[in-house]
*Asks:* 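So that we are looking at the same thing, I have put the structure below in structure tokens.
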There are 2 protein chains.
Amino acid sequence: MDTNQRLRAAAEKLALTLAQGGMQRATARVMTALLYTGKESMTAADLREELSISSGAVSTAIKQLAPLGLVERVPAPGSRRDHYRLRQGAWSNLMSQQNALLTVMCDAAREGIDAAGADGVTGRRLHEMQDFYTYMLEELVPLIDRWREQYTAGTGGASAG
Amino acid sequence: MDTNQRLRAAAEKLALTLAQGGMQRATARVMTALLYTGKESMTAADLREELSISSGAVSTAIKQLAPLGLVERVPAPGSRRDHYRLRQGAWSNLMSQQNALLTVMCDAAREGIDAAGADGVTGRRLHEMQDFYTYMLEELVPLIDRWREQYTAGTGGASAG
DNA sequence: CTGAATGTTTACAGATCTCTGAAATGTCTA
DNA sequence: TAGACATTTCAGAGATCTGTAAACATTCAG
């Protein structure tokens, strides 16, 4: 099957992009493997084999992906192995997690102003920074929330577009 | 002066955050040095001394920051040395640059659908991904544009908030 | 309770990336 | 054109990070 190879290639390529964005490499590969798999869910052994990585790496990857809401453990019916799958809304969760950085930037700006004072060149620069990140936070958070509502409304998935 | 030390500490802390977000460490330090300096602009030598890094590192940092629109070379009045300063709108430019990743994600989703087909579990997952990043692109780009207009309107800076 | 199968943790090896130091390049003055 | 000063480039040392292998813990069948 040639299609399978194309899928593998696409998965690896996307993993590379995610890695570029700060995600650990093996973690990104696990993520894209779960995205591109034809199965409903994959076991740790499946991932290990599919990606040719150690079980330790799989374990670490899951440990990183699960708390971010990107991947979830699925109750295995009749199997002792844990099954994992990409979570519904994974991408918006990923985005939210990146937004956490905006809060940090906002706080940093405020702290800077506290230390430097609101006047002078430094104060002015910090003020622009604070304004920007405040604006972004106020706009982005509701934006993502709106997406979530909108998407869970058309739960079927196929008709969501 | 104790204030100076507080500023240095704040700058370093922010640099660490930026580095966490993928920016090179020395590059991030140069960025925050330019943000926190009391001067209007800094020379490469200033940066080298302030941060205790080599001139090569400074050069590399500028080379990375300038194309992103975060830092600009300022015409030096009567000095042969180049002067640098944080650009107006640096933060929104940084954000825009991160948004470029959204486009990549969007394209990746489309390519995936091409390879996997729109039906089946894989197609459905990719579809959600595509929908999300399409939505984000459509919303985020105008959002930032709006900020830019809004901010350049109150050009003074001090009264911009 | 025992044994087997699976999942997790950790020290270490390998790879990767970053920064330094020095040479090369460029730019301006006289 | 020569000379001085500033910046850029680049090979290699150093630090950092990632993944593996193996020990350890846990869960479940019999």
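Below, all heavy atoms of this structure are taken into account, side chains as well, without hydrogens, waters or symmetry copies. Proteins come first, then strands; the chains are lettered A, B, ... in the order of their sequence lines, and each starts at number 1.
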*Asks:* I need the CD-P distance between B:Gln20 and C:dT18, as an integer number of Å.
*Replies:* 16 Å

*Asks:* Which side-chain N or O atoms in residues 97-107 of chain B pair as donor and acceptor under 3.5 Å with protein atoms at least two apart or in another chain?
*Replies:*
none

*Asks:* Any chance you could list the contact pattern along nucleotides 5-23 of chain D? Use B for base contacts, S for sugar-phosphate-only contacts and - for none, protein heavy atoms under 4.0 Å, 5' to 3'.
*Replies:* BSSBB--------SSB---

*Asks:* Could you pull out all donor-acceptor pairs under 3.5 Å where a side-chain atom in residues 49-64 of chain A meets a protein atom, sequence neighbours excluded?
*Replies:*
unit_1, atom_1, unit_2, atom_2, d
A:Glu50, OE2, A:Arg8, NE, 3.4
A:Glu50, OE2, A:Arg8, NH1, 3.4
A:Ser54, OG, A:Ala57, N, 3.2
A:Thr60, OG1, A:Gly56, O, 3.0
A:Gln64, OE1, A:Thr27, OG1, 2.4
A:Gln64, NE2, A:Gln24, OE1, 3.1

*Asks:* With sequence neighbours left out, what residues match A:Ala45 under side chain to side chain contact (heavy atoms under 4.5 Å, CB included)?
*Replies:* A:Thr43, A:Arg81

*Asks:* In whole Å, what is the span from the CZ atom of B:Arg29 to the P atom of C:dC19?
*Replies:* 9 Å

*Asks:* Report the residues that fulfil side chain to side chain donor-acceptor pair (under 3.5 Å) with A:Arg125, sequence neighbours left out, ordered by chain and then residue number.
*Replies:* none

*Asks:* For B:Leu16 and C:dT18, give me the distance from atom CG to atom C1', rounded to whole Å.
*Replies:* 15 Å

*Asks:* Please list, one pair per line, the donor and acceptor atoms closer than 3.5 Å that link side chains of residues 134-147 of chain A to other protein atoms, with sequence neighbours excluded.
*Replies:*
unit_1, atom_1, unit_2, atom_2, d
A:Thr134, OG1, A:Gln130, O, 2.7
A:Tyr135, OH, B:Leu143, O, 2.9

